[in-house]
Number of protein chains: 2
Amino acid sequence: MKILVIEDDRTTGNYVAEGLREEGHTVDLMTDGKDALLQASTTDYDILIVDRMLPGLDGVSVVKTMRGAKNQTPVLFLTSLGGVDDRIEGLNAGGDDYLVKPFAFGELSARVAALARRPRATQDEIVLRAGDLEMDLMRRKVTRGGQHIDLLPREFALLEHLLRRKGRVQTRTMLLEAVWDISFDPQTNVVETHISRLRAKVDRPFETELIKTVRGSGYRIEE
Amino acid sequence: MKILVIEDDRTTGNYVAEGLREEGHTVDLMTDGKDALLQASTTDYDILIVDRMLPGLDGVSVVKTMRGAKNQTPVLFLTSLGGVDDRIEGLNAGGDDYLVKPFAFGELSARVAALARRPRATQDEIVLRAGDLEMDLMRRKVTRGGQHIDLLPREFALLEHLLRRKGRVQTRTMLLEAVWDISFDPQTNVVETHISRLRAKVDRPFETELIKTVRGSGYRIEE
DNA sequence: CTTCGATGACAAGAATTTTCATAATGCACT
DNA sequence: AGTGCATTATGAAAATTCTTGTCATCGAAG
């Protein structure tokens, strides 16, 4: 698998590139938008991983230009937690998925694998559903039964993760890693707290509960 | 001019209704979404002023339903400063303009007059431009030369106001009133500070400066 | 050279997230 | 079924982070 990483921050860039190399991929790393655009146009990559914020030409512009030139390489955007508009823009510009920084490497790895599997199937994971609950990643908007639900950034990220793995149980550890990027087990119950708040917004006002507790393991959203 | 105000908060509701009456308009005030929908469908209004957050049926749903029923009455949404998604949603649902709370009454009055003048011309003031600077009110996104610019809520409001009055000088007092809803002149230099921060993001990284100082009066954005 | 505006640093205030303490619930075992 | 232990739920307080406003100082314009 040939991957181009476009990321100006050296630390993150190397972290990503090294990790992917260890998984056996061929990885190029570029730090400047303009150079990257040239590189992406002249070499054939399987996947592009692009930081949303770049000096010079920013990530969104790079992808827009590429798409304009009929380059269909799947793109995974890296954005920051608060940046709502970023995601909207990224996906609008022709991104296929995005990942919120900071992220656990396993998460990145999973997204890369998913993108590789469906080389050009943009637009299908962009609205996540479970029952009458809808999460529109484009607009960063959640509704249930047509009713708008306001979520804080972390709540959104947690719900998103559960929805992406709908039907499968997620342990606290898995959630801590994916949503909080904490890979040891600190004495914390953040997960419980956030699940509780999520339920108050997503489940309590409605008939059926979507977020189930699996005693002894973790949580799951029903198919 | 016959106006329906849909606002659950009594204080704001009365403030708006009273003010508009003093300007000679006929104003009805409703506090519940469902009642308001019925009222709007059975009576012919020139303008609807709708709070985004309503108990029961929220503002966006009211307007969506109305629009579904081919009711083309212009709608002005009232939203809160932080609520990004609100505005996007509001305009998407068929709103014609929006106003951020808290607002100065003069501002409301101006918007109402503008809506009255162009009864059905939605979608034209929704992207504000000046040179290569674009402000998309729908997506709450600012770009210059294609480059995305992140603005904080107050910065966005300030720039929006200047753009809406492009070419005209805005005094500090006018800005304080419109953007901060402060109608006396306190010993403050918030305007200067925010102009400075805005310039750092909007002008400094680019060739030409758009935000001009008019010494002795205030600020202006060039046509 | 005097006044007005620009700006960086700091402080206040809000919003968000995490921790902590306590209550509630489920499950195993009598 | 009842009791006790362990797990999960939740409200409130504390900590953190982000945003906004103030102040003091610097620079530019007339």
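The shown structure was predicted, so the numbers you read here are calculated from the model rather than taken from an experiment. Numbered from 1 within each chain, the chains take letters A, B, ... in sequence-line order.
For the helix from C/dC1-D/dG30 to C/dT30-D/dA1, the angle separating the two terminal helix axes comes to 20°, with each axis derived from five pairs and the value rounded to 10°.
Under the rule for a salt bridge (charged side-chain N to carboxylate O under 4.0 Å, His left out), the partners of A/Arg172 that lie at least two apart in sequence or sit in another chain are A/Glu192. Shown here are the ring-ring contact (aromatic ring centres under 6.0 Å, His included) partners of A/His161, two or more places apart in sequence or in another chain: there are none. Evaluation of the side chain to side chain donor-acceptor pair (under 3.5 Å) rule for A/Arg168 yields no partner, not counting sequence neighbours. A/Ser217 is linked by a side chain to side chain donor-acceptor pair (under 3.5 Å) to nothing, counting only residues two or more places apart in sequence or in another chain. By the side chain to side chain contact (heavy atoms under 4.5 Å, CB included) test, B/Lys166 pairs with B/Ala130, B/Ile221, B/Glu223, sequence neighbours left out. With sequence neighbours excluded, the residues forming a side chain to side chain donor-acceptor pair (under 3.5 Å) with A/Asp132 are A/Arg144, listed by chain and number. Residues passing the salt bridge (charged side-chain N to carboxylate O under 4.0 Å, His left out) test with B/Glu209, sequence neighbours excluded: none. Listed by chain and number, the residues in a side chain to side chain donor-acceptor pair (under 3.5 Å) with B/His25 amount to none (sequence neighbours excluded).
Across all their heavy atoms, B/Gly218 and B/Val169 have their closest contact at N-CG1, 4.0 Å.
What separates CG of B/Asp181 from C1' of D/dG21 is a distance of 16 Å, to the nearest Å. At whole-Å resolution of the value, CD in A/Gln170 and P in D/dT8 are 15 Å apart. Going from atom CG of B/Leu151 over to atom C1' of D/dT20 covers 14 Å, rounded to whole Å. In this structure, A/Glu209 places its CD atom 12 Å from C1' of D/dA9, rounding to the nearest Å. When the C1' atom of C/dA15 is taken as reference, atom CZ of A/Arg154 falls 15 Å away, rounded to whole Å. Rounded to whole angstrom, the span from the CG atom of B/Leu158 across to the C1' atom of D/dT19 amounts to 15 Å. Protein atom CD1 of B/Ile182 is 12 Å distant from nucleotide atom C1' of D/dT22, rounded to whole Å. The nearest whole Å value for the distance from the CG atom in B/Leu175 to the C1' atom in D/dG21 is 16 Å.
Between B/Trp180 and D/dG21 there is a side-chain N or O to OP1 or OP2 distance below 4.0 Å. Note on B/His194: a side-chain N or O is less than 4.0 Å away from OP1 or OP2 of D/dG21. Within the structure, every side-chain polar atom (N or O) of A/Tyr219 is placed at least 4.0 Å from both OP1 and OP2 of D/dT7. Between B/Thr213 and C/dG5, a side-chain N or O to OP1/OP2 separation shorter than 4.0 Å is absent. Within the 4.0 Å cut-off from OP1 or OP2 of D/dT22, at least one side-chain nitrogen or oxygen of B/Thr188 is found.
Out of D/dT19, D/dA9, D/dT22, the shortest distance to the side chain of B/Pro153 is found at D/dT19. Out of D/dT22, C/dT17, C/dG5, the shortest distance to the side chain of A/Leu152 is found at C/dT17.
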Name every donor-acceptor pair, under 3.5 Å, that has one atom in a side chain of residues 12-22 of chain A and the other anywhere in the protein, sequence neighbours excluded.
from    : atom 1 : to       : atom 2 : distance (Å)
A/Thr12 : OG1    : A/Asp9   : OD2    : 2.4
A/Asn14 : ND2    : A/Arg10  : O      : 3.2
A/Tyr15 : OH     : A/Phe105 : N      : 3.1
A/Glu18 : OE2    : A/Arg21  : NH1    : 3.0
A/Arg21 : NH2    : A/Val27  : O      : 2.9

Subject >> Per-nucleotide protein contact string for nucleotides 23-30 of chain D (B base, S sugar-phosphate only, - none; heavy atom under 4.0 Å) >> reply: BB----B-
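Residues from residues 196-208 of chain A that place a heavy atom under 4.0 Å from any atom of DNA chain D, listed by number: A/Ser196, A/Arg199, A/Arg204.
Distance alone, capped at 3.5 Å, places no donor-acceptor pair between the A/Arg220 side chain and the A/Leu210 backbone. Under a 3.5 Å cut-off, the side chain of A/Arg154 and the backbone N or O of A/Val179 do form a donor-acceptor pair.
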